[in-house]
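To start, the structure under review is shown below, and the notes come after it.
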Amino acid sequence: MKPADPHAPAARGAPWPFIGLLGLVVLAGCAGYAALVLSTATWAEARAVDGIFPESGWHIRPFTAASLHGLQQSLAGAALGLTGLALALGAATRAGRQQLRALGKELRGCRQQLGQRLRALTGPQRWLAASLLLALTLVRGYLSSATVPWGDDVISYEFFVRQRLLAVSAYYPLPNNHPLANTISWAFYQLQPGFWWAVRLPVLLTSTVGTGLLFAGLLGRAGFRPALLAAGAFSYLQLSLYYAGAGRGYWLVSLLAGVVVFGLLHLFDDEPARPRLAWLGLLVAGVLGCYTVPTFAYVLVSAFGWLGAVAVWRRAPGLLGRAVAVGALVAGGAALLYAPLLLVSGPAALFANPYVLPLSGPAFWRALPAYTWYTEGFLAGQRSVGALLTLVVLALFGRLLYRAATGQLAAARSRQVWQLGLPALWFVVVPYVLFGGQRVLPPERTVLYKAWFFFLLLALVVENSRWPRARYRWAVGVAVGLFGLYQVGTAVQLSYLGRHQQPQKRALYAWLARQPAGAALLIPSQPLWFWLRLAAHVAHPTRPWLADNVGRPGVRYTYVVLGQADPRPPGTGRVLYANDQVLVCTYSAPLAKK
């Protein structure tokens, strides 16, 4: 039997006037925001961001006051021009007003449909979903408050969130600055400078919204059980739990990837009731995703690659043209948002940092098998052996595709496999094609979003199994429960170990914090200085931290803090505090000449 066409429904697109109007609004917003960022600092203040982390040895690029002012004026002018054009075409023309009214109608329809889907759930289904979400929120809340803030999120807090808005948007000494995530944290920091409030709370809220979106988006397409299994397994994954508690941008990436995918899928519905909303989601989530982490490009290449392939397969030039136009708008919007960073930090910060430098061909291909095994294992729930589950699920999904192609599934189930499962498989596989083109092996966290597509494949396999239903449900429930307990247990254990490591350093900081205000410290060891600096700013966000890694001219230091094995510099006096790792001495070195 001939395989079913995976995209038999006609893929309708929003009218071109709407695409044009949408593009003008998004580009105007991106240009206006970039201009606002540049207007928050003078040239001297912009140059001063180079002193935020001089110990890294990395420096911002040279730029003049004229170039800073010129870029700010150009962006502001572009924002005003694009806004005026959008108003002229949108509010001042009948066609524009019709498109805006149609978009409003689609938004209301989406809200109503979501409400209907949730109301259609049975009492036991609502109880189960609510119980799992409540338990998930409690686990996330515990990890958010209990996980020791000495990781990447503290670097975000120290070097970006606590700084000027320009630094958040333009300072890129390491690929640690996730601009959109840090901008959200920066906004929270303006209200309350505490570490948990500014860094951990926004991520906790983002992960909660993301879980709800992934579940609600799948509910109408896959049914209750697959939606709950896919969204739940992804949310309870240990790596997912960690980034719901640590203040980084990877849950924001997963949330925006979900928006992109649901917009993509809606374009292939029988009667796409909301094509404008679908294109709006693709464009806005694409721009914001790129501004969160540049590697969101993996999501976008997968999404627009699938969209383009289907358009070519179906000989739909209109769909292909819209895909090309919206893809170009995503690239343009992201480029505008990154304009301050490109001026201050330079293109090399984005395109030639250590995480994107290609390996040699032989080194890449030698490392790829082990990388794939451990990465897919981690994304399946267990780094060492989890890839076995990946192989089993891929094999079973291949069998499911065969059953769909040969008419062994009901029409609705077959359609679900083609229209939902096949794109999920595409999103799982395509990043490896991009890795090969780049000859880069990114960290697992970069492709965390891929785990959701894997669990979607797993959910489809489980839902279409031919095992006896009652016994099967019991077995699946036990397996899912054990999986969740293992993931939560691992996350809690790692959090516990983090809290109970380096007790000597924490005792040292506690001793230093009790010293009189104004005591100046010299800490020649850069790792020790860095650790104590972060600890001080987390514990006391607004208190000046008078500790230097290198002695400054004219400063009379009170103490010198040394590792036990460090040589004692001239002027070191008696020991005031010591443990197995560090010691604090009086310091009476002569003032350095200015």
Side-chain angles (χ1 to χ4, degrees), residues 9-30 83 85-122 125-126 129-130 133 184 205-206 208-224 227-228 231 252 254-289 303 307 318-319 322-323 325-326 329-330 333 416 419-420:
R12 298 180 180 179
W16 277 106
F18 176 78
I19 299 292
L21 182 60
L22 176 62
L24 289 173
V25 172
V26 170
L27 293 180
C30 293
T83 300
L85 188 57
L87 290 173
L89 295 178
T93 66
R94 181 178 179 182
R97 292 193 297 272
Q98 288 176 341
Q99 295 302 321
L100 293 176
R101 284 194 295 269
L103 177 61
K105 183 178 179 180
E106 292 182 11
L107 286 168
R108 291 191 296 273
C110 181
R111 186 178 64 251
Q112 292 169 359
Q113 185 182 58
L114 177 60
Q116 291 170 356
R117 289 177 181 176
L118 295 177
R119 287 192 296 271
L121 296 177
T122 65
Q125 288 175 337
R126 293 181 187 177
L133 181 59
I184 295 171
L205 297 175
T206 299
T208 302
V209 172
T211 299
L213 171 77
L214 297 180
F215 172 72
L218 282 178
L219 188 60
R221 296 188 172 276
F224 175 76
L228 190 67
L252 190 56
S254 299
L255 167 60
L256 294 170
V259 175
V260 167
V261 170
F262 290 130
L264 176 70
L265 294 176
H266 184 72
L267 293 174
F268 302 106
D269 285 344
D270 283 328
E271 296 289 339
R274 292 174 289 278
R276 296 170 184 81
L277 192 57
W279 287 113
L280 174 65
L282 279 168
L283 176 53
V284 174
V287 172
L288 295 180
L307 190 57
L319 177 63
R322 290 178 178 88
V326 172
L329 289 171
V330 169
Q416 189 181 85
Q419 292 196 337
L420 195 58

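Computation of the quantities below employed the complete heavy-atom set of this structure, encompassing side-chain atoms and omitting hydrogens, waters and symmetry-equivalent molecules.
Within the structure, the salt bridge (charged side-chain N to carboxylate O under 4.0 Å, His left out) test picks out no pair touching residues 277-289 (sequence neighbours left out). Counting only residues at least two apart or on different chains, the salt bridge (charged side-chain N to carboxylate O under 4.0 Å, His left out) pairs with a member in residues 103-115 are E106-R276.
To the nearest 0.5 Å, the span separating CG on L282 from NE2 on H266 amounts to 11.0 Å. Note that CG of L21 and CG of L103 are 9.0 Å apart. Values are rounded to the nearest 0.5 Å. Note that CG of L255 and OG1 of T208 are 11.0 Å apart. Values are rounded to the nearest 0.5 Å.
Here the closest heavy-atom approach between residue L329 and residue L283 is recorded as CB-CD1, 3.7 Å. Scanning all heavy atoms of the two residues, the minimum distance from F18 to Q99 falls at CB-OE1, 3.2 Å. Closest of all the heavy-atom pairs between A323 and L307 is CB-CD2, 3.5 Å. In terms of heavy-atom proximity, R322 sits nearest to W279 at CB-CZ2, 3.7 Å. When all heavy atoms of L264 and A303 are compared, the pair lying nearest together is CD1-O, 3.8 Å. When every heavy atom of V330 is checked against every heavy atom of G286, the shortest pair comes out as CG1-C, 3.8 Å.
With sequence neighbours excluded, no residue forms a side chain to side chain donor-acceptor pair (under 3.5 Å) with Q416. Judged as a side chain to side chain donor-acceptor pair (under 3.5 Å), and not counting sequence neighbours, the contacts of R221 are D269.
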Kindly list each side-chain donor-acceptor pair under 3.5 angstrom involving residues 209-216, sequence neighbours excluded, with atom names and distances?
unit_1: T211; atom_1: OG1; unit_2: R140; atom_2: NH1; d: 3.2
unit_1: T211; atom_1: OG1; unit_2: R140; atom_2: NH2; d: 2.9
unit_1: T211; atom_1: OG1; unit_2: S207; atom_2: O; d: 3.0
unit_1: T211; atom_1: OG1; unit_2: S235; atom_2: OG; d: 3.0

Hey, can you pull the donor-acceptor pairs under 3.5 Å for the side chains in residues 114-122, sequence neighbours left out?
unit_1: R117; atom_1: NH2; unit_2: Q113; atom_2: OE1; d: 3.3
unit_1: T122; atom_1: OG1; unit_2: Q125; atom_2: N; d: 3.3
unit_1: T122; atom_1: OG1; unit_2: Q125; atom_2: OE1; d: 3.4

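Looking at heavy atoms from C-beta onward, I184 lies in side-chain contact with L252 at the 4.5 angstrom threshold.
Residue R94 qualifies as open at atom CZ: its count of foreign heavy atoms under 6.0 Å is 12 or below.
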